[in-house]
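All chains are named by letter (A, B, ...) in the order of the sequence lines, taking the proteins before the strands, and each is independently numbered beginning at 1.
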Amino acid sequence: MHGLSVYQITVMRYLNWPLSYVTSYIRESQLRNTGPFNLGLLRGASFTAHNLFDKSPESHVVAIHDNEYEVLTSFIHGNRLDKKPSKFELCTALNCCAKTQNPFLGSQIHAKILNLGLDQNLYINSSLVNVYAKSGAIVDAMRVFNEMESHDQVSWTSIISGLSQNGHGKEALCLFKQMLKTQVVPNSFTYVSVISGCTEQESVSKCVELLHAHVMKLGHESNKFVISSLIDNYSKSGKIDKAVILFEAFKMKDDILLNSMISAYSHNLQGENALKLFTKMHNANVSLSEHALTSVLDACGALTILQQGKQMHALVTKMGSNQNTFVIGALINMYSKCGNINEASQVFDQTLYKNNILWTSMMSAYAQSGRGLEALEIFDMMEKENHFTPDHVCFTVVLTACNHSGLLEKGIYYFEKMKSHYNLVPEVDQYACLIDLHARKGDLESARKVFDEMPYNANAVMWSSFLSSCKEYGNVELGREAAYKLFELEPNSPVPYLILADIYNGAGLWSEVRNIKKLMNENGVRKCVVGWSWVEVDNEVHVFSVGDSCHPRSEEIYFELRKINFEMMSKTVFDSFRPE
DNA sequence: GTAGGGTTAG
């Protein structure tokens with residue numbers, strides 16, 4: 001396409017960037033941009049390049065959006081001249097709002113649409129649904145959808161994909177079921193949307209096999225989008241075998257499908273297979289995309305094989321992908337998982353355009369290797385950069401770093417800063433970190449207060465972690481409360497019973513220990529967890545965490561079983577490890 | 001004649 005090559009040349013001339021860095025975005029534009037949009041791209045080229053040049057970190061993303069900006073500017077200009085926009089112009093403008101995630105302009109255009117009496121146009125309404133859904137305003141998207149008099153494949157798919165992409169897989173599935181009751185038959189787009197919505201959602205993951213059956217019946221098996229969403233779904237719910245069968249059966253394997261399969265292997269801890277597939281691709285001269293590099297680097301990290309990881313790094317350099325943010329992120333993760341934090345930091349330092357995901361990855365690398373203070377130094381460095389916008393994930397890493405290094409005051413400082421300085425509303429994850437911060441320092445009362453103060457229901461992970469701290473500091477009262485919460489939240493888990501018993505045990509409350517054992521029996525909870533055991537001495541029940549008897553450091557068992565003599569201990573330990 | 005929905009990554 002002529003327009004795109006001008007764009008490409010202009011960008012290259014201004015910036016002299018590695019080809020792969022620019023082309024990945026150009027490729028993306030080529031897919032998305034048609035018609036008038038390309039004109040915008042052409043006209044926007046030099047303007048865009050200036051922008052790329054001026055703003056550094058995430059400017060390439062902004063730049064692509066600037067073309068949408070161009071379309072929107074001319075739309076607004078026409079509006080100021082009281083020019084009546086056509087249906088087509090309205091659609092294009094809405095499309096740009098969706099891509100730039102601008103619900104504000106979108107709702108202004110929405111008002112104009114109502115004003116012009118075009119609110120029953122199917123094209124316009126699908127675009128509106130898409131604008132709201134892509135900006136996360138799912139309620140508005142639903143409202144537009146519900147107010148439509150008739151629906152077609154596209155409008156149904158728009159709302160279903162909107163729900164999916166906003167993490168409402170269950171609702172997406174519900175609407176899909178409603179769609180089946182109508183005359184409108186779902187197409188491959190619809191199946192991709194509903195299947196991807198069911199990914200990583202336990203409550204709906206069972207439906208995927210049913211959807212798969214639909215796909216087969218309706219003949220969408222030859223659609224690569226459908227197949228890759230199925231592969232992704234199966235692999236993320238641990239059904240790697242099904243993913244493999246789909247992959248093997250699919251004839252036209254393109255790079256995206258191969259990438260889906262490589263990350264499927266990687267997710268399922270089958271790093272060897274991921275590497276094998278990658279090598280096969282490489283030898284067969286399939287064009288290697290940066291996605292493939294990202295997935296295979298992930299696999300190297302998961303397998304902690306530094307040697308292969310380094311080879312991949314060499315390949316990255318050879319392919320000229322050493323400025324692709326995704327690849328760099330994967331390199332940083334790989335090196336840090338292989339314990340080579342210096343190499344990770346070297347990759348990071350050599351990166352010209354660091355976005356907040358990369359900063360976060362680097363911080364996480366330090367935090368995970370127990371270098372919390374250095375992680376925080378990185379955060380402070382980031383703050384000095386322009387265009388830096390830390391998000392929730394970033395703060396989770398910061399707070400975790402504080403947590404691992406026992407920096408309570410600093411943790412509280414960052415938590416407050418997140419709210420006041422960055423206007424972020426803390427999510428469950430960050431509250432969980434805050435609770436952990438207090439609890440690990442032994443300030444159980446303050447930790448308990450956070451449970452009440454936060455506007456969320458605490459989940460099992462939070463109560464479990466709190467319970468462990470109660471055990472650590474021997475707080476019977478709060479420990480009891482946490483354990484009883486967990487009895488409700490995880491009725492089949494023996495762990496909270498055992499920890500509470502351990503707390504009672506530490507406080508010498510033998511009769512309470514006995515009650516817990518009784519309660520466990522009454523509630524039908526089976527004690528089948530490795531590392532815990534009951535021991536009776538002089539008619540008193542004691543509970544111990546016994547560690548792993550096969551582990552070379554099973555001396556820990558001796559320590560935990562300090563109240564019992566050696567003979568009795570070894571008997572009990574081996575009893576508890578006998579397979580049931 | 002021109003317009004709307006889909007896969008992989010912290």
Side-chain angles (χ1 to χ4, degrees), chain A residues 24 31-32 34-37 39 85-99 118 121-131 133-134 141 144-145 148 151-165 184 186-197 199 220 223-233 235-236 254-264 266-267 289-298 301 324-333 336 355-365 367-368 390-397:
Chain A
S24 63
L31 288 170
R32 332 193 294 201
T34 51
F37 196 52
L39 279 174
S86 70
K87 297 174 216 173
F88 310 108
E89 282 166 336
L90 285 166
C91 256
T92 311
L94 285 173
N95 191 15
C96 293
C97 290
K99 279 173 185 149
L118 291 168
N121 179 299
L122 270 175
Y123 289 88
I124 286 179
N125 277 329
S126 303
S127 303
L128 268 175
V129 169
N130 199 30
V131 169
K134 287 278 187 318
V144 174
F145 180 81
M148 290 171 74
H151 292 114
D152 66 351
Q153 283 184 324
V154 180
S155 65
W156 274 109
T157 308
S158 301
I159 192 68
I160 290 172
S161 95
L163 287 164
S164 286
Q165 286 169 11
V184 187
N187 61 13
S188 59
F189 285 75
T190 325
Y191 280 101
V192 171
S193 303
V194 70
I195 292 168
S196 61
T199 305
H220 296 311
N223 183 299
K224 64 177 178 184
F225 292 99
V226 174
I227 296 302
S228 76
S229 65
L230 276 170
I231 290 181
D232 184 47
N233 188 297
S235 79
K236 282 184 181 148
D254 70 344
D255 60 331
I256 289 182
L257 209 66
L258 285 160
N259 294 339
S260 300
M261 201 57 228
I262 292 176
S263 37
S266 191
H267 265 287
S289 69
E290 279 143 354
H291 281 295
L293 288 175
T294 308
S295 309
V296 83
L297 281 167
D298 259 8
N324 176 295
T325 41
F326 292 109
V327 174
I328 291 162
L331 276 171
I332 292 173
N333 284 336
S336 79
N355 64 12
N356 57 341
I357 294 184
L358 289 184
W359 286 101
T360 309
S361 301
M362 199 57 228
M363 273 165 46
S364 169
Q368 278 166 14
D391 59 9
H392 287 97
V393 183
C394 182
F395 274 102
T396 305
V397 174

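With contacts defined as side-chain heavy-atom distances shorter than 4.5 Å, the pair A:Ser155/A:Leu122 qualifies.
Listed pair A:Asn130 / B:dG4 fails the phosphate criterion, with no side-chain N or O lying under 4.0 Å from OP1 or OP2. The side chain of A:Gln165 contributes no N or O atom lying less than 4.0 Å from OP1 or OP2 of B:dG5. In this structure, A:Lys134 reaches the B:dG6 phosphate: one of its side-chain N or O atoms is under 4.0 Å from OP1 or OP2.
Aromatic rings of A:Phe145 and A:His151 (six-membered ring for Trp) have centroids within the 6.0 Å cut-off, being under it.
Listed for the A:Gln368 side chain is no donor-acceptor partner under 3.5 Å among the backbone atoms of A:Ala365. Not a single donor-acceptor pair under 3.5 Å links the side chain of A:Ser364 to the backbone N or O of A:Thr360.
Stacking here means ring centres nearer than 5.5 Å and ring planes tilted less than 30 degrees, and by that measure A:Phe189 stacks onto B:dG5.
Applying the 3.5 Å distance criterion, the base of B:dG4 shares no donor-acceptor pair with the side chain of A:Asn125.
The side chain of A:Asp232 approaches B:dT8 more closely than any other nucleotide in the set B:dG4, B:dG6, B:dT8. Relative to the side chain of A:Ser228, the nucleotides B:dA9, B:dT7, B:dG10 differ in distance, and B:dT7 lies closest. With B:dT8, B:dA3, B:dG10 as the candidates, the nucleotide lying closest to the side chain of A:Phe88 is B:dA3. Of the candidates B:dG6, B:dA9, B:dG4, B:dA9 carries the atom nearest the A:His291 side chain, counting heavy atoms from C-beta on.
Within 4.0 Å (heavy atoms only), A:Gln153 reaches at least one base atom of the nucleic acid.
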